[in-house]
Q: 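My questions all concern the structure below.
These numbers were taken from a predicted model, which means no experiment stands behind them.
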Amino acid sequence: MTDSRVEDVLRLHEQMKGQRGTWEAHWQEVAERVLPRMSDFTSKKTEGVKRTEKVFDGTPGLALNRFAAAMESILTPRTQTWHKLKPSDQALKKNTEVVLYLSEVNRRLFGARYSPKANFASQQSEVYISLGSFGTGALYIDEVMGYHLRYKSIHLAELFIMENAAGAIDRVHREFEYTARQAVQRYGEEALPEAVRKAAKNEPTKKFPFVHCVAPREELNYGRKDYRGMAYAAAHICLEGRALVKEGGYRTFPYAVSRYVTAPNEIYGRSPAMDALPDIKTLNEMEKTLLRVGQKIADPPMLLGDDDGGLQAFAMQPGALNYGAISGSGQQLAVPLQIGANLPITLEMQDGKRKAVDSHFLVNLFQILVDTPQMTATEAMLRAQEKGMLLAPTAGRQQSEALGPMIERELDLLAMAGQLPEMPDALREAGMSYDIEYDSPISRAQRAEEGIGIVRTIEALTPLAQVDPNVMKIINSERSARILAEVNGAPPEALNSPEEMDAIKEADAQQQQMAGLVQAAPAVSSAAANMAKLQQTTGAAGPLPA
């Protein structure tokens with residue numbers, strides 16, 4: 001990349017930074033009250049410095065952590081296989097070889113994603129925290145060449161994004177810092193400017209700013225068809241000396257960037273914390289007021305008379321002896337100030353604000369099933385249906401903006417590393433096209449209506465069956481049971497396969513046949529005995545005449 005093109009990248013980078021200034025002030029205000037450890041948007045904090053000066057109530061931080069945990073549990077639970085791969089071609093869905101291939105690919109993908117070296121679960125949790133606090137989260141998906149996948153959540157303070165004409169994020173600039181030592185390890189000494197090379201020898205912990213730019217190839221390579229002619233081009237630029245230190249490309253976009261919700265004509269997302277900010281500020285002020293009131297009640301100001309000169313050294317510590325504080329008639333010469341505060345009302349107001357903050361972070365919605373465990377199966381499905389409907393927009397956006405591109409990127413990396421099985425010819429001839437079928441708790445909650453329909457239909461038909469038993473034959477019990485099992489999240493291993501069910505039915509039929517023969521045996525024996533007696537009586541050696 002020539003110097004002029006480096007300048008083009010940095011000029012656009014400065015424009016992106018300038019357009020984000022208002023957002024940074026907003027994010028800083030949110031972070032100081034909800035996520036203090038990330039409150040460095042408008043100013044750099046010294047490492048180890050306290051950041052909780054503006055936090056007086058812990059409710060927002062706790063609600064954010066619950067939000068992130070709930071998002072993980074409904075979208076990407078680490079203990080479940082939360083998506084499957086299916087062929088896009090309807091004809092191939094019955095092709096056993098293709099189905100088994102995609103199932104094996106899915107299994108290997110989950111193994112690579114949740115490998116301890118990949119660090120997916122912790123980094124994805126950070127993305128959910130960023131979504132809840134700032135409305136925008138980003139996950140960088142890379143690989144240790146030929147060994148394993150690697151994930152890294154990107155702090156929003158470092159991230160600058162652009163949308164394409166379709167509204168998808170297709171250009172990312174990340175501004176970050178490396179120490180001189182890290183820069184040499186990452187890029188090699190020869191690629192770095194002189195100032196960085198000197199610092200690596202004399203001040204290895206000195207930090208320098210870098211920019212990682214990823215954009216569609218035509219925007220950075222200007223149509224070149226060399227080794228960098230991939231779908232996306234990348235450039236690493238050291239701002240010290242404005243030097244290009246590394247250039248490369250990606251076949252698939254390496255950043256999975258998602259927004260919680262977006263306002264019209266805005267690129268960055270808005271978050272539950274932003275919506276709750278007025279309540280959070282009010283709650284903090286109420287907490288400060290309550291602290292002052294409580295302190296005055298516990299340690300009130302003392303009222304002294306004008307002529308009580310002997311009380312100048314009045315002591316307030318426990319066990320203190322104050323001589324002269326009682327008049328000759330036994331009257332107290334020092335009395336506490338009664339401020340008339342009503343603590344119960346203040347606490348009720350605080351509780352109201354705390355509930356409002358929890359509602360913004362969907363805490364009450366996530367706790368629907370937890371708070372009412374003594375429910376019937378139908379009630380549980382109704383609650384799950386309600387949760388699915390209310391969370392569908394949130395889940396759908398994360399699946400389309402973040403999880404879909406992430407899975408595409410993961411499969412590309414695994415395929416190029418030779419870690420996937422040989423593709424069947426039928427799938428290759430069909431264009432290697434596949435669909436992602438999400439099977440997370442939120443996806444099953446959205447299907448709860450199917451289970452409710454089955455249960456309600458059976459309940460409605462039960463009275464009719466007392467009049468005409470044949471009406472229940474309209475229900476395919478085995479098929480209905482499988483649907484209910486899927487809706488309720490029963491693992492497939494817990495269910496008998498169709499082949500196993502056929503074997504069970506055949507064994508039951510044989511058992512019933514044997515039971516019938518055993519039941520009929522006494523009657524047959526009795527008839528044979530009677531026949532023998534009759535033959536002896538008549539003296540006939542053969543069958544009786546007609």
Side-chain angles (χ1 to χ4, degrees), residues 1-21 23-25 27-28 31 37-49 51 136 138-140 142 144-145 150 152-162 171-217 219-222 224 226-228 230 232-250 253-255 257 268:
M1 183 179 288
T2 62
D3 291 342
S4 62
R5 291 166 61 202
V6 169
E7 291 301 321
D8 289 342
V9 171
L10 295 182
R11 189 179 304 111
L12 178 57
H13 182 66
E14 291 301 320
Q15 293 176 8
M16 296 167 73
K17 291 180 68 173
Q19 294 170 354
R20 215 185 68 164
W23 285 105
E24 290 178 353
W27 294 333
Q28 181 71 19
R37 62 185 171 88
M38 291 190 178
S39 58
D40 49 7
F41 288 97
T42 57
S43 61
K44 284 290 183 182
K45 302 284 186 180
T46 304
E47 292 185 13
V49 69
R51 301 190 179 199
T136 303
L139 187 69
Y140 180 66
D142 200 8
V144 176
M145 188 63 68
R150 179 176 58 188
K152 179 177 177 56
S153 64
I154 306 301
H155 183 12
L156 190 55
E158 301 178 351
L159 191 72
F160 305 85
I161 59 177
M162 293 182 68
R171 181 164 186 148
V172 166
H173 287 201
R174 180 191 170 212
E175 183 176 335
F176 60 98
E177 290 183 337
Y178 271 153
T179 64
R181 177 174 177 268
Q182 291 171 331
V184 171
Q185 292 173 340
R186 181 70 175 84
Y187 303 116
E189 188 173 354
E190 295 180 357
L192 295 169
E194 180 65 21
V196 182
R197 293 201 298 268
K198 288 183 178 179
K201 297 177 181 178
N202 304 318
E203 300 177 90
T205 59
K206 184 177 180 180
K207 294 183 178 181
F208 293 90
F210 291 82
V211 171
H212 180 216
C213 170
V214 179
R217 177 180 56 79
E219 295 184 14
L220 289 186
N221 285 342
Y222 294 161
R224 291 189 299 184
D226 57 11
Y227 72 94
R228 288 161 289 188
M230 300 180 182
Y232 297 93
H236 294 252
I237 300 172
C238 179
L239 295 184
E240 178 70 30
R242 305 172 78 84
L244 176 69
V245 295
K246 185 178 180 181
E247 191 174 7
Y250 300 95
F253 200 59
Y255 290 95
V257 183
Y268 294 93

Q: Does the side chain of L10 reach to within under 4.5 Å of the side chain of R242, using non-hydrogen atoms?
A: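 Side-chain contact under 4.5 Å: yes.
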Q: Could you grab the distance from atom CD of Q15 to atom NE2 of H13, nearest 0.5 Å is fine?
A: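 Reported to 0.5 Å precision, the distance equals 11.5 Å.
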Q: Mind listing the closest non-hydrogen atom pair of W23 and Y268 along with its distance?
A: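 Result for this residue pair: CH2-O, 3.5 Å.
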Q: Distance from R11 atom CZ to S4 atom OG, nearest 0.5 Å?
A: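 The distance works out to 9.0 Å.
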Q: Applying side-chain contact (heavy atoms from CB on, under 4.5 Å) to E203 and R181, what does each step give before you reach the verdict?
A: CA-CA 9 Å; E203 300 177 90; R181 177 174 177 268; over 6 Å; no
Q: What do you reckon, is CD of E14 surrounded by more than 12 foreign heavy atoms closer than 6.0 Å?
A: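 Yes, CD of E14 has more than 12 neighbouring heavy atoms, counting only those of other groups under 6.0 Å.
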Q: Just so I know, are the side chains of M162 and H173 near enough to count as touching, which here means a heavy-atom distance under 4.5 Å?
A: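 The answer is no; the side chains never approach within 4.5 Å.
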Q: Nearest 0.5 Å please: distance from the CE atom of M230 over to the OH atom of Y250.
A: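 Answer rounded to 0.5 Å: 10.0 Å.
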Q: Hey, could you give me the CD1/CE distance between I161 and M16, rounded to the nearest 0.5 Å?
A: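 The CE atom of M16 is 8.0 Å from CD1 of I161, to the nearest 0.5 Å.
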Q: Between the side chains of H212 and Y140, is a donor N or O closer than 3.5 angstrom to an acceptor N or O?
A: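 Result is no, nothing qualifies.
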Q: Considering non-hydrogen atoms only, spot the tightest contact between L139 and S153 and give its length.
A: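 Residues L139 and S153, closest heavy atoms: CD1-N, 3.9 Å.
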Q: Would you mind checking if D142 and R150 are paired as a salt bridge, meaning a charged N to carboxylate O distance below 4.0 Å?
A: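 Yes.
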Q: Which label fits F253 and Y232: parallel for a plane angle under 30°, tilted from 30 to 60°, or perpendicular past 60°?
A: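 Answer is tilted, since the angle falls between 30° and 60°.
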Q: Would you find a donor on one side and an acceptor on the other, under 3.5 Å apart, between the side chain of T179 and the backbone of Q182?
A: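 Yes.
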Q: For A180 and V196, work out which heavy atoms get closest and say how close.
A: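 Here A180 and V196 meet closest at CB-O, 3.9 Å.
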Q: Checking side-chain contact (heavy atoms from CB on, under 4.5 Å) for the pair V214/R174: CA distance, chi angles, key distance, verdict?
A: CA-CA 9 Å; V214 179; R174 180 191 170 212; over 6 Å; no
Q: Flag the pair F208 / F210 as yes when their ring centroid distance falls below 6.0 Å, and as no otherwise.
A: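 They do not qualify: ring centres at least 6.0 Å apart.
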Q: Would you call I154 and K152 a side-chain contact if the rule is heavy atoms closer than 4.5 Å?
A: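 Yes, close enough: below the 4.5 Å cut-off.
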Q: Within the side chain of Q28, is there an N or O that forms a donor-acceptor pair under 3.5 Å with the backbone of S39?
A: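 Pair found, side chain donor or acceptor close to backbone of S39.
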Q: Are R217 and E247 within salt-bridge range, i.e. N to O under 4.0 Å?
A: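 E247 and R217: not salt-bridged.
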Q: Any side-chain to backbone donor/acceptor pair from R51 onto R37? Under 3.5 Å, distance only.
A: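 Pair found, side chain donor or acceptor close to backbone of R37.
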Q: Ignoring hydrogens, what is the shortest heavy-atom contact between A31 and F41? Give both atom names and the distance.
A: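 Between these two residues, the closest heavy atoms are CB-CE1, 4.3 Å.
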Q: Taking all non-hydrogen atoms of both residues, which atom of V184 and which atom of A200 are closest, and how far apart?
A: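 Shortest heavy-atom separation between V184 and A200 comes out as CG2-CB, 3.6 Å.
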Q: Measuring only between side-chain heavy atoms, which start at C-beta, is F160 closer than 4.5 Å to V172?
A: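 Not in contact.
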Q: Compare all side-chain heavy atoms of D40 with those of H155 and state whether any distance is below 4.5 angstrom.
A: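 Heavy-atom side-chain distance check passes, below 4.5 Å.
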Q: Can you find a pair of side-chain heavy atoms, one from V211 and one from L239, that are under 4.5 Å apart?
A: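 Touching, per the 4.5 Å side-chain cut-off.
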Q: If you define the side chain from C-beta out and look only at heavy atoms, does anything of Y178 sit under 4.5 Å from K207?
A: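 SC-SC contact between Y178 and K207 ruled out.
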Q: Could you tell me whether the side chain of C213 reaches within less than 4.5 Å of the side chain of I237, counting heavy atoms only?
A: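 Counting from C-beta outward, I237 and C213 never come under 4.5 Å.
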Q: Salt-bridged, R197 to E194, with N to O below 4.0 Å?
A: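 Answer for the salt bridge query: yes.
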Q: Is a side-chain N or O of R20 found less than 3.5 angstrom from the main chain of L159, in a donor-acceptor match?
A: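 Yes, R20 side chain to L159 backbone: donor-acceptor pair under 3.5 Å.
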